[in-house]
Amino acid sequence: MRLVVASRNQHKIAEIQAILGQVAGLEIAALDGYAAPEIIEDADTFLGNASKKALETARQLGEIVLADDSGLMVDALGGAPGVYSARYAGEGASSEQLCSLLLRNLKDVPPERRTARFVTVLVVANPEKILYTAEGYCEGLIIEERRGTRDFGYDPVFYYPPLGKTFAELPSDVKNQHSHRYRALQDLLTQLKPK
Ligand code: IMP
């Protein structure tokens, strides 16, 4: 089976290749070379967005496509920023802007109520239908100031208790062994591997 990853993010593609490359007979292809227009992520769930991206891209390419949608859910904010994670502080906001707004909105929330989780939903579809769905979660706490230098998204304020550090303080290979994306890929891997 050939699986085209609906992303132009080289890090994401490498991570997917490293994990799903273990499945015999599965070829992972990047979107490079395909003229696939951007899909508007306007659903109100991660599953809705990932399904839309997988199905629309599969139809445009005539291929089997893997799409993902991720974000951060903060309990004290009723699950926000959720599917709006990338746009929470406006279109194209920096990690610093995202973290600052989140910290402002959690200003009066005490440490024990600052629980949060990163979520990834993966969908594999052919042009007709969804073939597989998988999900992964990573539980943590939103601390009160940014820590660490790897400033992707909410990583500087997401404290991961099992390793005692924020995601921005961890080397990327360590983060990638614990992340929501890694766990979702493991879920998909168990579904794709022959029993
Ligand atoms: P995407 O669906 O993977 O593009 O993620 C949407 C948004 O969620 C990103 O733009 C980030 O703001 C946030 N996000 C997703 N995964 C992570 C992560 O591992 N660390 C920090 N922020 C993340």
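All values derive from a computational prediction rather than experimental measurement. Order of appearance sets the numbers: ligands from 1, and atoms from 1 within every ligand.
F158 pairs by the ring pair (Phe, Tyr, Trp, His ring centres under 6.0 Å) definition with F118, F167, not counting sequence neighbours.
Applying the salt bridge (Lys or Arg N to Asp or Glu O under 4.0 Å) rule to pairs touching residues 149-159 yields R150-D155, D155-K175, sequence neighbours excluded. Legend: side chain to side chain donor-acceptor pair (under 3.5 Å) pairs involving residues 184-194, not counting sequence neighbours, sorted by first then second residue: Y182-Q186, D187-Q191.
Near ligand 1, residues K12, D69, S70, G71, S85, A86, L98, F118, F152, G153, Y154, D155, K175, H180, R181 each place a heavy atom inside the 4.0 Å sphere around the ligand atoms.
Paired with L106 under the rule side chain to side chain contact (heavy atoms under 4.5 Å, CB included), one option of I143, V157, L77 passes, and it is L77.
More than 12 heavy atoms of other residues, nucleotides or ligands lie within 6.0 Å of CD in E145, so this atom counts as buried by the packing criterion. No more than 12 heavy atoms of other residues, nucleotides or ligands shown are found within 6.0 angstrom of NZ on K165.
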